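Predicted, not measured: the structure shown is a model, and the values here were computed from it. These values consider heavy atoms only, across backbone and side chains, with no hydrogens, waters or symmetry-generated copies.
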Amino acid sequence: MTILLSSAARPARRADTDVDVVVIGGGVNGVGVARDASQRGLRVALFERNDLAFGASGNSSGMIHGGLRYLTSDPQVTEKSCRDSGHIQAIAPHLLFRIPFLVPFENARHGRLLYPLADAFFEAYDNYQPLKRGKPHARLTPDELRRLEPGLHGDLVGGFSFDEWGIDGARLCVANAVDAIERGAKVYVGHTVERIERREDTGEVVAVRYRDRTTGEGGRLRTSTVVNATGAWSPITSSLAGLPAASSRVRPGKGVHVVFDRRLTNYAIMARTIDGRQIFLEPWENMSVIGTTDDDFYGDLDQVRATSEEVRYLVQGIARVFPQIHEARAIGTFAGVRPTLYAFGPTEDALSREHQIVDHAAHGAPGLYSMIGGKLASFRLFAEEMTDVLSRRFDLGARCVTHTTALPGGDRAVDALALSRRMEIDAVAARRLVYRHGSRALRIEERVRQRPREAATVCPCEPVIEAEVRYVLRHELARSVADVARRTRLGLGACGGMRCAARCGQIVAQELSLPPREGMRQAANFLSRQAVTRAVALGPEQARQEALAIASVRSELGAPADDEAAAACEDADRRAQRAAREPEERAWRDRSS
C-alpha cells in the first residue's frame with residue numbers, strides 16, 4: 001500500500017466542529033473506516049448518496065479471496081488479501097463459506113507446457129493458505145477431475161484444486177455500518193454531498209454541505225476532516241472540494257457477472273475466454289455465477305449494466321470446459337466498477353490491485369483524504385491504515401481492534417435447525433436467516449414470537465420471511481424494495497421478484513409510513529430494473545415469457561407500462577432470434593460459396 005501524506009501540521013480535535021470525520025461513500029471501504037474510527041473514539045458521520053453497497057462492494061464476485069492471479073505481479077496484494085481473509089473469518093464467521101476451485105488443463109501444446117509449471121505456482125500459493133485457513137492445492141488426473149465434476153468437457157491433461165472463501169458483500173457492508181452506528185457514528189443513506197467547504201486562506205476543510213435526495217432538504221455539517229471513500233466516483237468527489245479530478249485519479253474497470261437459477265456444480269471451475277482472459281463459474285450461496293469481465297469504463301457510474309455481448313463472451317468461455325452451461329437458465333446479470341489505481345498503457349487485467357491513501361494537503365486541501373484502489377478481500381486492512389492516519393492526525397493513542405472485535409452477528413454460532421423448529425419455519429429459511437444475520441437472527445426470532453404472523457414467507461425463492469423484511473427496514477437503514485433486496489436477496493432468485501415485490505412494497509410502505517401507492521411504485525420500479533438486467537441474458541422464448549409476466553404483474557400493481565423494461569425484453573428477443581438463425585445462415589452461405 002502507498003500512503004501519500006504531507007508534512008502539514010496535525011490539529012487536535014476541535015470543539016467548533018459537529019463531527020471529527022465525515023466519510024463519503026457507503027461501500028466497504030467507507031463503512032470500514034466509519035467502524036474503525038468510531039471504535040477509536042472519533043465522532044463520525046458517513047454519507048452515501050444511493051445505498052450501502054450500491055457500487056462495486058455489492059456487485060463483486062462475492063469472494064474474500066487471496067488473489068491467486070496477483071501472485072506473480074503483486075505478491076504483496078496476495079499476502080494482504082490472505083491475511084485479511086483470516087481476520088474477516090474471525091469477526092464474521094457466519095458470512096463466509098468455502099468455495100473449492102478446479103483448474104482443468106487442456107491436452108494441447110500450451111496446456112502440456114503450462115501444466116508442470118502450474119504445480120510450482122500453486123505450491124507458492126500454498127504458503128499463504130494458513131493465513132486464510134485454506135487447504136493446500138492438489139494435483140489431479142483427468143479421471144479425478146471428472147469424478148469430482150462429471151460435467152467437465154474436452155481432452156484434459158490434468159488439473160488442480162485449491163479453495164477460496166465466498167461472502168455476501170452487501171451483508172458485509174451492512175454489518176460494518178450497523179456496528180459503526182452502535183458505536184455512535186451517524187450514517188446517512190440517500191444523502192448526497194454537494195460541496196466540501198474549505199477556508200479561503202489556508203484551504204483547510206471546514207464543513208460539508210449535503211442534501212437528502214428523497215425530501216430535497218439540505219444541511220451543513222462542520223468538520224475538519226473528510227475521507228473520500230467513493231471508489232470509482234473518487235475524482236468526482238474530490239472536485240466537490242474544488243480539486244482537479246486528477247488529484248485522486250482512478251482507472252474504472254467494469255466487471256460483469258451472469259447469474260443462473262441454481263447450483264450447477266459444487267466446485268468453482270476456472271476457464272479462459274477467447275482472448276485468453278481468466279474467468280470462472282462459481283457456486284455462490286444457492287445459485288451459480290459466471291464472472292468476470294475487466295474492461296475500462298467511462299459511462300454513468302449510477303447506471304452500470306451488462307450487455308448481451310459481454311454475456312455471450314463469458315458463457316462462450318465457460319462452455320469450452322463446461323458445455324452444460326448452454327442448457328442452464330440465466331436469471332440475471334449484475335455489474336460493478338472497480339476503482340483500480342490509474343496507469344496508462346497496461347491492459348485492464350494487468351493493473352495493480354493495491355490500494356492508496358492520498359493526503360490532499362499536497363493539493364492545498366489539508367484535512368481531505370481519498371482512498372483509491374483496493375479489493376473487497378483486504379478492505380479491513382485498508383480501513384485500518386486510513387484510520388491510523390486519522391489517529392495520528394487527532395493525536396489518539398487507541399490502536400485498531402477491528403480484527404479481533406466481532407461484527408454484529410459474528411459473536412456466537414446459532415443452530416439453524418433448532419431455530420427453524422422454534423420459529424416453525426422452513427429449515428432452509430432458517431439457515432439463510434442465520435447466514436445473513438448470525439446471532440442477530442435471534443432478534444428476528446423474538447419478533448416472530450411476539451407477532452407469529454410475521455413468520456409468513458414473503459419471497460419463496462431465497463426464502464425470506466416477513467419478520468426479516470421488517471427488521472432490515474427498522475434496523476439496517478433500508479428505505480425501499482431495492483434496499484430490502486440488497487440486504488436479504490428478496491426478489492433476486494428465480495422468480496425475479498414477480499412473486500414477492502408487491503408484498504415487500506406493502507411492508508415498506510407500512511414500516512416507513514408511506515402512502516400505499518408509493519410501496520406499489522417501488523415494487524414496479526424494482527421489477528423493471530430486474531427485467532432490464534435479465535433481458536441481456538435471455539433467449540427468445542424466455543424473453544417472450546418475461547415480457548408477458550412483466551405486463552401481467554404491472555397490471556396487477558396498477559402501474560403504467562415501463563418502456564425501458566419492455567424495450568429490453570423485445571431487444572433480447574430479436575438478438576436471440578438472430579443468434580438462433582446464425583448456424584442456418586452460415587450453412588447457406590457455405591453452400592452458396
Side-chain angles (χ1 to χ4, degrees), residues 1-48 52 80 83-93 172-188 204-206 208 221-229 355-361 366-371 374 377-411:
M1 187 218 56
T2 306
I3 304 179
L4 304 181
L5 298 176
S6 78
S7 58
R10 297 166 181 160
R13 299 172 66 180
R14 288 166 26 186
D16 61 343
T17 55
D18 301 307
V19 294
D20 299 315
V21 180
V22 167
V23 180
I24 307 175
V28 72
N29 291 332
V31 294
V33 170
R35 179 190 185 224
D36 196 342
S38 58
Q39 273 192 359
R40 300 201 211 186
L42 291 173
R43 298 171 299 162
V44 180
L46 182 145
F47 290 92
E48 165 55 49
L52 301 175
K80 290 175 182 177
R83 187 177 300 280
D84 224 27
S85 173
H87 291 318
I88 296 166
Q89 291 173 50
I91 63 177
L172 183 63
C173 287
V174 169
N176 276 272
V178 168
D179 192 65
I181 291 169
E182 292 177 353
R183 297 177 187 279
K186 300 174 183 178
V187 177
Y188 302 90
E204 293 175 286
V205 169
V206 294
V208 296
L221 201 64
R222 296 175 301 166
T223 184
S224 64
T225 309
V226 171
V227 174
N228 170 14
H355 52 248
Q356 185 179 98
I357 297 171
V358 179
D359 183 347
H360 290 290
L368 176 61
Y369 302 88
S370 288
M371 302 174 69
S378 55
F379 90 93
R380 193 214 58 81
L381 177 63
F382 196 6
E384 176 183 345
E385 291 168 350
M386 181 67 249
T387 311
D388 284 344
V389 173
L390 298 177
S391 183
R392 291 193 295 270
R393 175 177 174 82
F394 289 100
D395 293 323
L396 300 178
R399 298 179 63 84
C400 176
V401 292
T402 57
H403 60 301
T404 58
T405 307
L407 283 166
D411 55 331

Run the side-chain hydrogen bond (donor to acceptor under 3.5 Å, both in side chains) check on R43 and T17 step by step: do they pass? CA-CA 10 Å; R43 298 171 299 162; T17 55; 3.0 Å; yes
[Y] side chain reached by [X] side chain, heavy atoms, under 4.5 Å:
X: L172; Y: L407; result: yes
X: E385; Y: V389; result: no
X: F379; Y: I88; result: yes

As a test of understanding, state which of D18, V19, V22 forms a side chain to side chain contact (heavy atoms under 4.5 Å, CB included) with V208. V22
Is there a side-chain hydrogen bond (donor to acceptor under 3.5 Å, both in side chains) between T225 and R393? Walk through the geometry before answering. CA-CA 9 Å; T225 309; R393 175 177 174 82; 2.9 Å; yes
Provide the closest heavy-atom pair for [X] versus [Y] in the form atom of the first, atom of the second, distance.
X: L221; Y: A45; value: CD2-CB, 3.6 Å
X: G25; Y: E48; value: C-OE1, 3.7 Å
X: V178; Y: P408; value: CG1-CG, 4.1 Å
X: C173; Y: G27; value: SG-C, 3.8 Å
X: V21; Y: L42; value: CG2-CD1, 4.1 Å
X: R40; Y: L396; value: O-CD1, 3.9 Å

Taking 4.0 angstrom as the limit, do D36 and R183 come out as a salt bridge? no
Can you measure from [atom1] ([X]) to [atom2] ([Y]) and round to the nearest 0.5 angstrom?
X: L46; Y: L52; atom1: CG; atom2: CG; value: 7.5 Å
X: D20; Y: T223; atom1: CG; atom2: OG1; value: 7.0 Å
X: E182; Y: R35; atom1: CD; atom2: CZ; value: 10.5 Å
X: M371; Y: N228; atom1: CE; atom2: CG; value: 9.5 Å
X: Q39; Y: T387; atom1: CD; atom2: OG1; value: 9.5 Å
X: S85; Y: K80; atom1: OG; atom2: NZ; value: 15.5 Å

Should the pair H403 and H87 be assigned to parallel (<30°), tilted (30 to 60°) or perpendicular (>60°) ring geometry? perpendicular
Should D179 and T405 be marked as a side chain to side chain contact (heavy atoms under 4.5 Å, CB included) after you check the CA-CA gap, both sets of side-chain angles, and the distance that decides it? CA-CA 10 Å; D179 192 65; T405 307; 5.6 Å; no
Is the side chain of S378 donor-acceptor paired with the backbone N or O of D84 at a distance under 3.5 Å, no angle test? no
Using side-chain hydrogen bond (donor to acceptor under 3.5 Å, both in side chains) as the criterion, point out the one residue from N176, N29, T402 that pairs with R380. T402
